[in-house]
Chemist: 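Sharing a structure, written as structure tokens. Questions coming.
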Amino acid sequence: MPYSYDSENIFAKILRGDIPNATVLETEFTLAFKDITPKAPDHVLVIPKGAYVNYDDFCQNASDPEILDFMRACGQICKDLGVEEKGFRAITNAGEHGCQEVPHFHMHILAGKVMGPLLAD
Ligand code: AMP
């Protein structure tokens with residue numbers, strides 16, 4: 001399936017520097033910043049700098065260095081948050097059924113409380 005990337009989405013604007021963000025980590029291929037409406041005491045969004053719509057687009061079409069950089073960034077954020085012992089939840093939503101709001105691939109890293117069941121009934 002071809003992925004159609006909307007370059008006017010809010011994370012594209014963040015990456016262009018058009019709107020501010022609370023950056024927690026920046027690497028060559030990855031940016032991580034605090035979610036503007038946190039759902040947990042710690043709520044970080046990790047995004048690739050490349051134009052990928054969602055997780056499957058990223059996994060299929062990103063380069064190996066981009067994927068490696070992204071995964072290492074997620075690991076670094078977990079380390080910086082100090083969540084190795086208590087744990088955390090990593091979520092990515094995709095498309096209509098995943099209820100994705102922003103069409104630029106992002107991983108939510110949520111921590112600082114017990115998250116409860118994965119999905120509401
Ligand atoms: P999703 O539903 O998985 O697409 O999640 C999108 C997330 O982006 C939500 O948790 C929003 O709170 C978050 N968000 C939207 N706009 C911004 C922004 N300008 N800065 C930080 N987070 C944002």
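Ligands are counted one by one from 1 in listed order, and the atoms in each one are counted from 1 as well. These values consider heavy atoms only, across backbone and side chains, with no hydrogens, waters or symmetry-generated copies.
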Chemist: Tell me which protein heavy atom sits closest to atom 9 (C) of ligand 1, plus the residue, atom name and distance to 0.1 Å.
Modeler: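 Here the nearest protein heavy atom works out to D35 OD2, 3.4 Å.
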Chemist: Please write down residue, atom name and distance for the protein heavy atom closest to atom 6 (C) of ligand 1.
Modeler: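 In this structure, atom 6 (C) of ligand 1 has H106 NE2, 3.6 Å as its nearest protein heavy atom.
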Chemist: Would you say ligand 1 has an N or O under 3.5 Å from any N or O of V102?
Modeler: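 Looking only at distances, the answer is yes, because the N/O contact criterion of under 3.5 Å is met.
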Chemist: Which residue owns the protein heavy atom closest to atom 4 (O) of ligand 1, what's the atom, and how far is it?
Modeler: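 Nearest neighbour among protein heavy atoms for atom 4 (O) of ligand 1, to 0.1 Å: E101 N, 2.7 Å.
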Chemist: Applying salt bridge (Lys or Arg N to Asp or Glu O under 4.0 Å) to K49 and E26, what does each step give before you reach the verdict?
Modeler: CA-CA 10 Å; K49 291 182 177 178; E26 181 167 10; 2.8 Å; yes
Chemist: Can you sort out which atoms of ligand 1 are near L45, meaning under 4.0 Å from one of its heavy atoms?
Modeler: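 Ligand 1 atoms under the 4.0 Å threshold to L45: 8 (O), 13 (C), 22 (N).
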Chemist: Taking distance alone, with N or O pairs closer than 3.5 Å, would you say I36 contacts ligand 1?
Modeler: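 Yes.
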Chemist: Any side-chain heavy-atom pair from V53 and S4 closer than 4.5 angstrom?
Modeler: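 With C-beta onward as the side chain, the pair stays apart.
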Chemist: Hey, which atoms in ligand 1 end up nearer than 4.0 Å to a heavy atom of C99?
Modeler: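 Counting from 1, the qualifying ligand atoms are 2 (O).
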Chemist: In terms of hydrophobic clusters joined by side-chain contacts under 4.5 Å, are F70 and F29 together?
Modeler: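 Different clusters.
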Chemist: What is the minimum heavy-atom distance between H104 and A51, and which atoms define it?
Modeler: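 Scanning both residues completely, I find the closest heavy atoms to be CE1-CA, 4.4 Å.
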Chemist: Among all the protein's non-hydrogen atoms, which is closest to atom 8 (O) of ligand 1, and how far away is it?
Modeler: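 Nearest neighbour among protein heavy atoms for atom 8 (O) of ligand 1, to 0.1 Å: F11 CZ, 3.4 Å.
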Chemist: So, for R89 and P117, which heavy atoms are closest and what is the spacing to 0.1 Å?
Modeler: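 R89 and P117 have their closest heavy atoms at NH1-O, 3.4 Å.
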Chemist: If you count the atoms of ligand 1 from 1 in the order shown, which ones are under 4.0 Å from a heavy atom of K34?
Modeler: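 Taking each heavy atom of K34 in turn, ligand 1 has 21 (C) under 4.0 Å.
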Chemist: Report the relative orientation of the aromatic rings in F33 and F11; use parallel for angles under 30°, tilted for 30 to 60°, perpendicular for over 60°.
Modeler: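 Judged by the thresholds at 30° and 60°, the geometry between F33 and F11 is perpendicular.
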Chemist: Heavy atoms only: give me the nearest F58-P48 pair and the separation to one decimal.
Modeler: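 Looking at all heavy atoms of both residues, the closest pair is CE1-CB, 3.6 Å.
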Chemist: Could you report the tightest heavy-atom contact between M115 and A40, atom names first, then the distance?
Modeler: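 Minimum heavy-atom contact is CE-CB, 4.0 Å.
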Chemist: Would you please classify the geometry between the Y55 ring and the F105 ring as parallel, tilted or perpendicular, with 30° and 60° separating the classes?
Modeler: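 Plane angle between 30° and 60°, so tilted.
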Chemist: With heavy atoms of Q100 as the reference, note each atom of ligand 1 found under 4.0 Å away.
Modeler: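 Matching atoms, with element in brackets: 4 (O).
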Chemist: Hey, is ligand 1 close enough to H108 that some N/O pair sits below 3.5 Å?
Modeler: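 Yes, at least one N or O pair falls under 3.5 Å.
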Chemist: As an exercise, identify every atom of ligand 1 less than 4.0 angstrom from a heavy atom of K39.
Modeler: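 Matching atoms, with element in brackets: 10 (O).
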Chemist: Going by the order shown, which atoms of ligand 1 are within less than 4.0 Å of some heavy atom of N93?
Modeler: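 Numbered from 1, ligand 1 contributes 1 (P), 2 (O), 3 (O).
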Chemist: Just which atoms of ligand 1 are under 4.0 Å from any heavy atom in F33?
Modeler: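 Selected atoms, number and element: 21 (C).
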